[in-house]
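Proteins come first, then strands; the chains are lettered A, B, ... in the order of their sequence lines, and each starts at number 1.
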Amino acid sequence: MWKKRNRRLQSQGGVAPWLVAGFILLAATGLSYVWINGQTEMLGRELRRLDDEHGKLVKQHLNEEYRWARLKSPQSLEKALADHQLAMGAPRHDQVVRMRDTQQGDGRMLAAVGARGIRGGTKTTRD
Amino acid sequence: MVAVVGLVGRLAVLHLGGSESAKDKVERARQVRRTLAAERGRIVDNGPEPNILALNLGVKDVCVDPMLVGTNGSVVAVAEKLSGLLSIPAEQLLSQMSDSTRRFGYLKRRVPDDEAERVRRLKIPGIVLQENSLRFYPHRTLLCHVLGYVNLEGVGSAGLEQVLDEQVRGSAGYLECSVNALRQELYDERRLYIPPLAGAHAVLTVDLQIQNIVESALDAAMREHSAKGAWAIVSRVRTGEILAMASRPAYDLNEFRTAGEDARLNRAIGFVYEPGSAFKAVVASAALNEGIVSPSTVLDCENGAWLHCGKVLRDDGHHYGRLTFAEGMKKSSNIMMAKVGVSLGSQRFYRYLKAFRLGDRTGVELPGEERGIVRNVEDWSGISVSRIAIGQGIAVTAMQMISIYGAVANDGYLMRPWIVREVRASDGTVLRKGGPEVLGRPIRAETAAVMRRILQGVTEEGGTGTKAAIEGYSVAGKTGTAQKPDPVRGGYSDTAHVATFVGFLPVREPEVAVIVVVDEPQPCHYAGVVAAPVFAKIAGQAIRYLEVRPDDRQVARTGSVADLIGR
């Protein structure tokens, strides 16, 4: 029975191999298209998410910068010094010693707060 | 089976057929066209670590669709819910939402993120949040008149925000794309995307620390002298760059809408006044430059009263006799300077006024600068030259006065004051660069040197400005106490004065020039008592902050490291 049908198909010429190949190619192309489309959409969503995240981080960064600017504002620092009762001010002239930088030998001067009569830290600057 | 067939059929109709109008409607609903706001550039100071003076922060606008709110429940309940969160009376919100024919309205604009988040959590249909940004000024009142502000539409409307608006504002972007059912953008269906171009950043010549010194000193002066106003400028002599500029009354830049016109006026450039004796430096410089007088020239001060062109000029209760020119400046004799002005002559004096650019704007990059008032020499009366010589009948701004003293300090070179060091685009391109610019040289270097020595005498014993002296530094300057015009009675007021002290230091190699003006100080109005101490406070701290070496050798102790550690 089977042999008989096979023979009939052979006599009719059967399904052309190029048709089969074409069908497979079409199906593969279709599947690829769907897959690529999905990937593109997924990447798009990912980009959108990262874009949003970037926006949020930029915003957060700006907010932090603003807070930092407020914190180091001279007015805030003065208030903090007053709150902590730190009576800090510039040293008197007799508390300042300007030092020649003998190591440099180029005539530059170093200014430093002298140890005499000073409680607290020192400051070294150039002029 | 029937349902599936039905669905498939409907899908086929939607995809393959259907009316064009329905398709268009769906397509339009999926389209989004959006303008993308550009971030406004920031403004920073010129400190070693730049301090942010102005920047934009993201905020939200709370918007309403009254129709949707109305169809989804009680408008009253929504208004009550939002009232507490937005700090707006429920009645006001109700009136904003009651017109159910409208599809859009703002409930509150520029809401901080945390507040907006609390609104979002309520998930009220018809209440939506829209992204926006707002200009913030971290230092509030500090430098308010210089920075200016940005209005609600994002346009710079005062100060540097106005001047630099075009560069700092940036360019808005544009997006045209499709969205999904959740109104999320479909990246692969973007049709047009022009990214926003962020605004340029501006760097000023101002130093925030010096600015703070100036503003604190002005606040103290306002309190101490119950003054109507006070203003000051600190500039670098050699370059003309502005290190600080402040004016009182001031206002909080973040709340600029609540500030009155009076508080918004930058008096340092926008207040025109008669400078009084501080102006004597102009006639003195001109006379020295023309060789009419020298510091040792002796002039008769007429025992305090001089009749000229039928009018008596007095020396404010002083009865000076013969004084040298240098002594006359030190004691601020009106009669001596009036005589010097007369000797100089109207034409020559006028030429010097123009050489010092009086009657013209100095050209500082700030809006609202006044020209001052200098009448044409043809319109001068017989006594004009004697009165202008002592700072009457002429009106100036503090900026003009500091420029004149800056020229004396800078070997006669008149510099254009400038405050914008640089404007840099977000890609690093320099769009604008400030720098020193010589406007002219009204007096010779030798004249300037003589003037510096004469003006130094003012702050020394016997001078009118001894309270401007600073330990360790030689200070040159001049006091000026001017009566204000009385608009009701005419003439000059007996009670309203403007006290000025303007000068520079150190005299040997001047670094900074400072002007302090106090408007209507009470009860004492003398510049030597009111303005000179404020000058000393500002200049003393600023000069040490700038690490300028004292020129008093006894004060400036020097030694090597070995000396210090005792080896």
Subject >> B/Glu49 versus chain A, the contacting section by heavy-atom distance below 4.5 Å >> reply: both
**OP:** Identify which part of A/Thr40 has an atom lying under 4.5 Å from any heavy atom of chain B, answering side chain, backbone, both or neither.
**Re:** side chain
**OP:** For A/Phe23, look at atom CZ and say whether over 12 heavy atoms of other residues, nucleotides or ligands are found less than 6.0 Å away.
**Re:** no
**OP:** Looking only at non-hydrogen atoms, find the nearest pair between B/Pro138 and A/Arg70 and report the distance.
**Re:** O-CD, 2.7 Å
Original post:
Quick one: what part of B/Asp113 sits under 4.5 Å from any heavy atom of chain A, side chain, backbone, both or neither?
Top reply: side chain
**OP:** Apply side-chain contact (heavy atoms from CB on, under 4.5 Å) to the pair A/Glu78 and B/Ser216, showing each step before the final yes or no.
**Re:** CA-CA 11 Å; A/Glu78 274 172 14; B/Ser216 303; 4.2 Å; yes
Original post:
Between OG of A/Ser73 and CD1 of B/Ile52, what distance do you get to the nearest 0.5 Å?
Top reply: 12.0 Å
Original post:
Can you say whether B/Leu55 sits under 4.5 Å from chain A via the side chain, the backbone, both, or neither, judging by heavy atoms?
Top reply: side chain
Original post:
Among B/Gln541, B/Arg140, B/Glu215, who wins on heavy-atom pairs under 4.5 Å with chain A?
Top reply: B/Arg140
Subject >> Which atoms of B/Tyr137 approach chain A - backbone, side chain, both or neither, heavy atom under 4.5 Å >> reply: backbone
**OP:** May I ask you to check whether over 12 heavy atoms, not counting those of A/Arg67, lie within 6.0 Å of atom CZ?
**Re:** no
Original post:
Quick one: of A/Ala69, A/Pro74, A/Ser76, A/Gly44, who has the most non-hydrogen atom pairs under 4.5 Å with chain B?
Top reply: A/Pro74
Original post:
If you take all heavy atoms of A/Gln75 and B/His139, which pair is closest and at what distance?
Top reply: OE1-O, 3.3 Å
Original post:
If you look at every heavy atom in B/Pro50 and A/Lys72, which pair is closest and at what distance?
Top reply: O-NZ, 3.8 Å
Original post:
More than 12 heavy atoms of other residues, nucleotides or ligands under 6.0 Å from CZ of B/Arg34: is that the case?
Top reply: no
Subject >> From CA spacing to verdict: side-chain contact (heavy atoms from CB on, under 4.5 Å), B/Asn56, A/Leu62 >> reply: CA-CA 8 Å; B/Asn56 266 42; A/Leu62 281 171; 5.9 Å; no
**OP:** Would you sort out whether A/Leu77 and B/Gln209 count as a side-chain contact (heavy atoms from CB on, under 4.5 Å), showing the intermediate values?
**Re:** CA-CA 11 Å; A/Leu77 292 175; B/Gln209 300 302 328; 5.6 Å; no
